[in-house]
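Numbered from 1 within each chain, the chains take letters A, B, ... in sequence-line order.
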Amino acid sequence: MGELLHIILFYSFAAVLLGAALGVILSRNPVHGVMFLVLAFFQSAMLWMLAEAEFLAIVLVLVYVGAVMVLFLFVVMMLDINVESVRKGFARYAPLGVGVALLMAFELAQLIWLRSSGVVGSGSFAETAEGYSNTKALGSVLYTEYVYAFEIAAVILLLAIVAAITLTMRKRPGLKVQDIGKQVSVRSKDRLRVVKMDAESKE
Amino acid sequence: MIEIVTGLWDALPPLVQYLTVVLSKILLVSIAVILTVAFSTYFERKVIGSMQARVGPNRVGPLGLLQPFADVIKLLIKEVVVPTKSNKFLFVIAPLLTLVPALAAWAVIPMNDWFVIADINAGLLYVLALTSLGVYGVILAGWATNSKYAFLGAMRSAAQIVAYEIAMGFALVGVLMAGGSLNLGDIVAAQSGGFSNWFLIPLLPLFLVYWISGVAETNRAPFDVAEGESEIVAGFHVEYSGVAFALFFLAEYANMVLISGLTAIFFLGGWASPFEGIGFLQQWGDIPLIGWIFSGGFPWLFLKIAFFMYTFFWMRATFPRYRYDQIMRLGWKVFIPITIIWIAVEGVMAWMHIGPWSGLTI
């Protein structure tokens, strides 16, 4: 019963995933394409959930769907895409696309062949014990055995952020900026001068 | 009679039994959330009315209590106008995309020590993931409407939500360090033992950051630039009418209740009673109707949520709207550094074995 349900869920998620992936490349409207990509991420998260990798599944949704794709959508929405000019490049880039597709198909076939020949693994995941936490298992390896690789990856990402910000930071002349600290700490005597003078007569 | 019912129940296959239990729990929670939303609109109007020395709704039903239902019926029978040049599919699906995450996040919220729909390990991550999805509805609504005002509202809202989500996530890192778990029930259990054990005290900066970011995430005043009436009419939902508008409204208030509930669970001990640590009060915990005051239970969670909802309305009646660049400055330059510093402080304190977090062992 459970096994059957598992299989049914796997194939339905996989089918929707493939459909969404096709939708990404076939839809003419870029916003629709982004939404199909979101659906594809969701379905892959569901597949990971079926493999009992709940941490990876939720983080996929959190990072890719919740943050990366929002920024994608943000950029794509502001594009005014001219379909005609996009079509023009199609013939030029088609050989490259076909090459990449063939390479990926070859790699996939190799992996399937390797799996079925029984050289590595048995093709299925080991059953996990009751109370097993994917998050804890991942964390205990990530922060002990692979801590250097993890930290180096973090530093590289930080470097990318700093570089991107430095590239876009430029001082424009005549830019008016408020310094909020200054605004808050201003006192009346800095701005206002009270002048004492005698009353003047009309003449 | 009871035997017949239990006999029928046992005759059902286990899958059907399981589905019945889960679906009825879901139905119960959804109806409760929707009713809370309905009455919080009434609550809001009464609170703001009294703060502005007005009466608030008092015509429909006793004390105006039926006003929310009158509003819902009005919205349901209004026509839904779909703008001619809009993207129809996305226009219709956008309100649903805001509402679904707001309701789905309730799946992992523990109401008391035994009632929770899904008691999952990574509950905190699930909540973070789902609250980050609400922004899609707003962005798509703004884009699909094909109107400048809606588009500007969507742009503002997207930038704001992405900015405050980071501060929110970091604040929750502090909570999970103190609680030693990602499971919301375990986080509440780690705060048991009275008011002094609540994370409110050791994590006060994170509490403030989380709560204010929560207000910003729900696009409520004073962070409601996404629908700033004086500049862009009504922001992303300017072209929505009738039921479609009602769904946005429902989602906004459901998100407010959700953020209130999460703040109560993460920092105010959820359903736990503040009197737990006091010895002589414990013997009263078994008194039938008022025992929950001393031993904790769902009413405490409800009271804490009601308090935060009141704060939402209080802020709306009190503060002027933030200017857009000030919102961005607050999110990126104030909140994120505060959370990062406090996580470091917390780590050092736990490492030196100072502080209340016993669950954290280094």
- Can you name the closest pair of heavy atoms from B:A129 and A:I58 and give their distance? CB-CG2, 3.9 Å
- Select, from B:L128, B:T131, B:I120, the one with the greatest count of heavy-atom pairs under 4.5 Å involving chain A. B:L128
- Is any side-chain heavy atom of B:L125 closer than 4.5 Å to a side-chain heavy atom of A:V61? no
- Query: Should we count CZ of B:F248 as having more than 12 external heavy atoms under 6.0 Å?
  - Reply: yes
- Identify which part of B:L182 has an atom lying under 4.5 Å from any heavy atom of chain A, answering side chain, backbone, both or neither. side chain
- Going by heavy atoms in the side chains, are A:M35 and B:L97 under 4.5 Å from each other? yes
- Shortest non-hydrogen contact from B:S132 toward A:G66: OG-CA, 3.5 Å
- Would you say the side-chain atoms of B:Y136 pair up with the backbone N or O of A:V38, donor to acceptor, closer than 3.5 Å? no
- Crowded around B:K333 NZ? As in, over 12 foreign heavy atoms under 6.0 Å? no
- Message: Tell me whether A:F72 at atom CZ has more than 12 heavy atoms from other residues, nucleotides or ligands lying less than 6.0 Å away.
- Response: no
- Side chain, backbone, both or neither: which part of B:L140 has a heavy atom under 4.5 Å from chain A? side chain
- Non-hydrogen atoms of chain A under 4.5 Å away: do they reach the side chain of B:F89, the backbone, both or neither? neither
- Cut-off 4.5 Å, heavy atoms of chain B, and the answer for A:L73 is side chain
- Note on the structure: In terms of heavy-atom contacts, A:E54 and B:A122 come closest through CG-CB, 4.3 Å
- Part of B:L124 within contact of chain A (heavy atom distance under 4.5 Å): neither
- Task: Answer yes or no: are there more than 12 heavy-atom neighbours, outside A:F41 itself, under 6.0 Å from its atom CZ?
- Result: yes
- Item | Which atoms of B:L130 approach chain A - backbone, side chain, both or neither, heavy atom under 4.5 Å | neither
- Message: Using a 6.0 Å cut-off, check whether atom CZ of B:F170 has over 12 heavy atoms from anything other than its own residue.
- Response: no
- Task: Decide if atom CZ of B:F151 counts as having more than 12 heavy atoms of other residues, nucleotides or ligands within a radius under 6.0 Å.
- Result: yes
